[in-house]
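Here is the structure we will look at.
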Amino acid sequence: MSSTAVDFARQNYPRFLDELKSLLRIPSISTLPEHADDCRKAAQTLATEMQRIGMENVRLIETSGHPLVYADWLHAAGKPTVLVYGHYDVQPPDPLDEWLSPPFEPTIRDGNIYARGAVDDKGQVVAQVKALESLLAATGKLPLNVRVLFEGEEEVGGEGIAKFVASKPPELKADFALVSDTELFAPGLPTLCVGLRGMIYTELEVKSSRTDLHSGMYGGAAPNAFVSLVHILAKLKDENGHILIPGFYDDIIPPSAEELAAWKSLPFDEEEYRAKEVGSKQLVGEAGYNVMERTWARPTVDIHGIPGGFTGAGAKTVIPAKATAKVSMRLVPGMTPAKAFALYKSYVEKIAPKEVDVDVRLIHSGDPCLIPVNNKYIQAATRALHEVWGKDTVFIRSGGSIPIVGDFDRHLGLPSVMMGFGLPDDNLHAPNEKFHLKNFELGIISLIRFMEEAGA
Ligand code: BES
Ligand code: MN
Ligand code: MN
């Protein structure tokens, strides 16, 4: 690859890695209020960095939650404008005792950097910034117009950025978005993600009595919030993975025959996925759908936690008055968060045992999205990826959600190029999250070459 910017990136790679480490040391956990200052610090670090590399109009944009980071460089007359997106917030690191090295002390082992946020999404955000730095430092300019928008609430639903984008501010006028928050389908295989699931994240609360009660004195006569909650939860999905909420599947738009055929030809070994990646005795899910269809094109119901009652060491004989479950659903194209939530809520109210009160609350939601692939930006991306990785790009969907990507299309009319460099076994949201260093390096180079191609 002969690009002076690529040469600059190769020469400065050790420093780039150090800068990634500094960002990874900031515990910017968006969901925990006690880390709000750390979120701001991560935002400020990125802003300072963008100022240093020569981006303009750099500033933090305040939201109801953690700030957005904005920067631009708009001197490529006649060239398209890209909106570069990523998120600086991370998931909580727990369970802490399963980490081999502390989550906020980035550690390099066998070609990977381990830390919370390594791949999701700080490593990829830094790759974007380093691509911009390399272009600016090596050539004194950028090959296209660039606006950068980083958020700090992606992992909690992205309310702040959603409001900002919906207001269609002039700062976001662009031709396409570049989102680096996804993964390769397999190591060494250049991948563009063209579809994401949406989601609704909810809390389901059951109240059964005036106060907690002695389980000997009252057990047998008084209702138990946990027992009632478990009855409700057990009726959300049957043993075959079929969701029991009436109407839940009605609006799904299935993938096209071409897309399904393309998925069948991806290099995928279901047995290896079960044994190595998932590590379970068996896979679950709906009959008649393969793993790709189950995770990319079918909705889910999952239970994340059931706080309440007695959870300390030892035993306490109590009938809890209150029980809550955190329940989310992944949505696929055709479904909307509003309708999915309404169907779920009315079903829960209908099946709830008569002796308890239930309250179903929506915590956050995001739409599913499907990206059109026949545009020049996707073509520029596949040219750049071929050059860097020496292979044709595969187009995949992902079962995860990035709520703002749908909004880029709906409110700003922007097609997104989802070019990310994670690997399937990077342990996103789990202990020992990592980013493969080769992917960090080739990711920077791919982003440089993509911007050069998109501006060519
Ligand atoms: N980067 C992920 C989404 C993702 C994961 C895309 C793997 C492609 C491959 C993102 O940070 C994420 O985790 N999103 C949350 C969003 C939710 C909290 C609204 C998710 O999917 O759970
Ligand atoms: Mn992410
Ligand atoms: Mn995430």
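Order of appearance sets the numbers: ligands from 1, and atoms from 1 within every ligand.
- Not close to ligand 1: Arg197, with no non-hydrogen atom less than 4.0 angstrom away.
- Atom 3 (C) of ligand 1 has Ser401 O, 3.5 Å as its closest protein atom, hydrogens excluded (heavy atom only).
- Contacts with ligand 1 closer than 4.0 Å are made by no heavy atom of Cys193, backbone or side chain.
- Checked for salt-bridge contact, Arg147 and Glu56 miss the test: no charged N lies under 4.0 Å from a carboxylate O.
- Look at Gly366 and you'll find every heavy atom at least 4.0 Å from all atoms of ligand 1.
- Salt-bridge check for Glu286 with Arg298: passed, with a basic side-chain N closer than 4.0 Å to an acidic carboxylate O.
- By the 4.0 Å heavy-atom criterion, Met418 is excluded from the residues contacting ligand 1.
- Checking Leu196, Ile404, Thr295, Asp181 against atom 4 (C) of ligand 1, the nearest heavy atom belongs to Asp181.
- Side chain to side chain, Arg361 and Thr202 fail the donor-acceptor criterion of an N or O pair below 3.5 Å.
- The Mn ion (ligand 2) has Asp181 among its coordinating residues (N/O/S atom, backbone or side chain, under 2.8 Å).
- Within the cation-pi definition used here (under 6.0 Å to the ring centroid, within 45° of the axis), Arg116 does not qualify as a partner of Phe104.
- With respect to atom 11 (O) of ligand 1, the closest heavy atom belonging to the protein is Glu154 OE1, 2.7 Å.
- Aromatic pair His242/Tyr249: ring centres closer than 6.0 Å.
- The N/O atoms of Arg330, backbone and side chain alike, include one that comes under 3.5 Å of an N/O atom in ligand 1.
- Within the 4.0 Å heavy-atom cutoff, Asp120 counts among the residues contacting ligand 1.
- A donor-acceptor pair is defined here as one N or O able to donate and one able to accept, closer than 3.5 Å; such a pair exists between the side chain of Arg197 and the backbone of Gly399.
- Side-chain atoms of Asp89 do not come within 3.5 Å of backbone N or O of Ile29 as any donor-acceptor pair.
- Shown in contact with Pro403 at under 4.0 Å from a heavy atom are these atoms of ligand 1, numbered in order with element: 19 (C).
- Under the 3.5 Å distance criterion, with hydrogens and angles disregarded, no donor-acceptor pair is assigned to the side chains of Glu153 and Ser30.
- The single protein non-hydrogen atom nearest to atom 17 (C) of ligand 1 is Met199 SD, 3.4 Å, given as residue, atom name and distance.
- Below 3.5 Å of separation, one finds an N or O of His87 facing an N or O of ligand 1.
- Looking at Asp120 and the Mn ion (ligand 3) together, the shortest N, O or S contact belongs to OD2.
- Draw a line from the Mn ion (ligand 3) to OE1 of Glu155 and another to NE2 of His429, and the angle between them is 90° (to 10°).
- His364 meets the ring pair (Phe, Tyr, Trp, His ring centres under 6.0 Å) test with Tyr201; sequence neighbours excluded.
- Leu428 CD2, 3.7 Å is the protein heavy atom nearest to atom 5 (C) of ligand 1.
- In this structure, the protein non-hydrogen atom closest to atom 8 (C) of ligand 1 is Ser398 OG, 3.0 Å.
- Ring centroid separation for the pair Tyr273 and Phe268 comes in under the 6.0 Å cut-off.
- The pair Asp367-Arg410 meets the salt-bridge criterion, with a side-chain N (NZ, NE, NH1 or NH2) lying under 4.0 Å from an Asp/Glu carboxylate O.
- At least one heavy atom of His429 sits less than 4.0 Å from an atom of ligand 1.
- When only interatomic distances are considered, the shortest N/O to N/O separation between Glu155 and ligand 1 falls below 3.5 Å.
- Between Lys376 and Glu453, none of the side-chain N atoms (NZ, or NE/NH1/NH2) sits under 4.0 Å from a carboxylate O, so this pair counts as no salt bridge.
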